[in-house]
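Inspection log for the structure reproduced underneath, given as structure tokens.
Order of the sequence lines fixes the chain letters, A, B, ..., with proteins taken first and strands second; residue numbering starts at 1 for each chain.
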2 protein chains.
Amino acid sequence: MEPKETKNRILDAAEHLFAEKGYHGTSLRMITTEATVNLAAVNYHFGSKESLIEAVIERRLLPLNQLRTKQLKAVRDEARRNDRAPDVRQTLAAFIEPTLSFRNSGPGAQDFIALVARALADPNDTARSVFINRIKPVLDLLHQCLAEALPQIDPQTIFWRLHFMIGSLTHIMHNLDKLPIPTEMMPTDNSFQEITEMLLTFITTGMEAPQ
Amino acid sequence: MEPKETKNRILDAAEHLFAEKGYHGTSLRMITTEATVNLAAVNYHFGSKESLIEAVIERRLLPLNQLRTKQLKAVRDEARRNDRAPDVRQTLAAFIEPTLSFRNSGPGAQDFIALVARALADPNDTARSVFINRIKPVLDLLHQCLAEALPQIDPQTIFWRLHFMIGSLTHIMHNLDKLPIPTEMMPTDNSFQEITEMLLTFITTGMEAPQ
DNA sequence: TTGTATTTCAAACGTTCGTTTTAATCAATC
DNA sequence: GATTGATTAAAACGAACGTTTGAAATACAA
């Protein structure tokens, strides 16, 4: 077997199964069966089940956060160059759209989004703290951009509205395929793109609300 | 032991532990130990672990949803009586505030809120579907009220904004005690009340946003 | 008090879990 | 081609899981 092939197959299977069944709901036997590798391979390559989910999260979160950071800085610096405040919708889009385009980059990425959305609500401290530690610098940057964009709003209020936004984002990301959606409510096609536009409008308006 | 005493002690312990550790993360041995009842008592009184979590959810959700329904109908009927559209903020408050006052009604209620917030993100179909089936009529009523309050907005858009709101609500409810909140961001006191006010402003404005 | 139904209890059931062990296999270097 | 180190393989480990059993204890009506 190719070098790194086994590790990647384990990571792919783990990503898929953790997303679908959660951490506790997924056994190493499920993972190694789906990856068609030996049961002992997980402990050999990753040490433990906990270290495995850490590796799953880090593999995708690093490039995603780098992209988010790059786009946020682009919006901020462009505004500073023109000596004006950043646009709120642009700022929020810089954070949200990498998530969207990342989600559409492949089925593995979709699994990862579901996994992360769940990690935030998961009792498993490992998954949650890995995720929170990695995303915190990006959230700080987003908060800073929004504070520049909305000087009339108390930074404390912006902070909480940021979390309201994260709740909306993760809830939709995670439940889009599961919600009992009446057919007449379902957008005809490009549904995810349409819903993202609606989300962006919703949170932009909420973010700009007078206190 | 008092009649029903055993069942209620099991329900209380299960509520607490499911909220703290999730469904898969909680064993019947943990529950029966905390409830100081025999291990077999769960299967005797409830039949199975799955039926237990159903009973946990139904015990609290029924009265909570009754209260929500009552308040929503009060807002709607008051508006109809005066021949005007319901107020959006009042409508949303009718849904959200029972959750808030319920949460503050005791430690068991707080556990339950955490449990429900998690049930929405839990891979366990049992918990999620019990919750969704019970809350669906309330959401339909809320959707109907908002459609009356916002005739200029497409009902489909209202539907999705409703889910954005639920995401914000559950995220905050569930993570309030866990988020790494800088001390300068934390409201001084009555924090939950203050945050709820901010949430209400955020989602009301987002709900009223032009399409 | 006796008889009956309900509830509690300790013990064990079979399964599945994450992990470890030991040997076999593979790849690359001398 | 032999040697060495990295990887894979099969099997077993003890622990914990949800559930079941059958007897003991309790409650309550006759």
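Cation-pi check for B:Lys49 over B:Tyr23 is met; the charged atom lies under 6.0 angstrom from the ring centroid and within 45 degrees of its normal.
Ring geometry for A:Phe159 against A:His143 counts as perpendicular: the plane angle is over 60°, on a 0 to 90° scale with 30° as the lower cut.
The terminal axes of the helix from C:dT1-D:dA30 to C:dC30-D:dG1, fitted over 5 pairs per end, subtend an angle of 0° to the nearest 10°.
Taking atom CD of B:Glu5 as the reference point, atom C1' of C:dT8 lies 14 Å away to the nearest angstrom. When rounded to the nearest whole Å, the span between CD1 of B:Ile31 and C1' of D:dA16 equals 15 Å. Taking atom CZ of residue A:Arg9 and atom P of nucleotide D:dT7, one finds them 15 Å apart after rounding to whole Å. Rounded to whole Å, the distance from CD1 on B:Ile10 to P on C:dC9 is 11 Å. Between A:Lys49 atom NZ and C:dG18 atom C1' the separation is 8 Å, expressed in whole Å. When the P atom of C:dA23 is taken as reference, atom OH of A:Tyr44 falls 17 Å away, rounded to whole Å. B:Lys7 places its NZ atom 15 Å from the C1' atom of C:dT8, with the value rounded to the nearest Å. The separation between A:His45 atom NE2 and D:dG5 atom C1' is 14 Å, rounded to whole Å.
Under the rule for a salt bridge (Lys or Arg N to Asp or Glu O under 4.0 Å), the partners of B:Arg59 that lie at least two apart in sequence or sit in another chain are B:Asp12, B:Glu15. By the side chain to side chain donor-acceptor pair (under 3.5 Å) test, B:Asp140 is found to be paired with B:Lys136, residues two or more places apart in sequence or in another chain being considered. With sequence neighbours excluded, the residues satisfying salt bridge (Lys or Arg N to Asp or Glu O under 4.0 Å) with A:Glu197 are A:Arg89. The salt bridge (Lys or Arg N to Asp or Glu O under 4.0 Å) check on A:Glu34 picks up nothing, with sequence neighbours excluded.
Between B:Ser48 and D:dG18, a side-chain N or O to OP1/OP2 separation shorter than 4.0 Å is absent. For A:His24 and C:dC17, the shortest distance from a side-chain N or O to OP1 or OP2 is not below 4.0 Å.
The main-chain N or O of A:Ile153 is never found under 3.5 Å from a side-chain atom of A:Thr157 such that the two would form a donor-acceptor pair.
Within the nucleic acid shown, B:Thr32 has no heavy atom closer than 4.0 Å to any nucleic acid atom.
In summary, the side chains of B:Thr99 and B:Arg68 do present a donor paired with an acceptor at a separation below 3.5 Å, with no hydrogens or angles considered.
To the nearest 0.5 Å, atom CZ of residue B:Phe112 and atom CG of residue B:Leu64 are 7.0 Å apart.
Taking only side-chain atoms of B:Leu28, from C-beta outward, the nucleotide of D:dT8, C:dT6, D:dT19 with the closest atom is D:dT19.
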- Message: Please encode protein proximity along nucleotides 11-16 of chain C as a string of B, S and -, counting only heavy-atom distances under 4.0 Å.
- Response: -B----
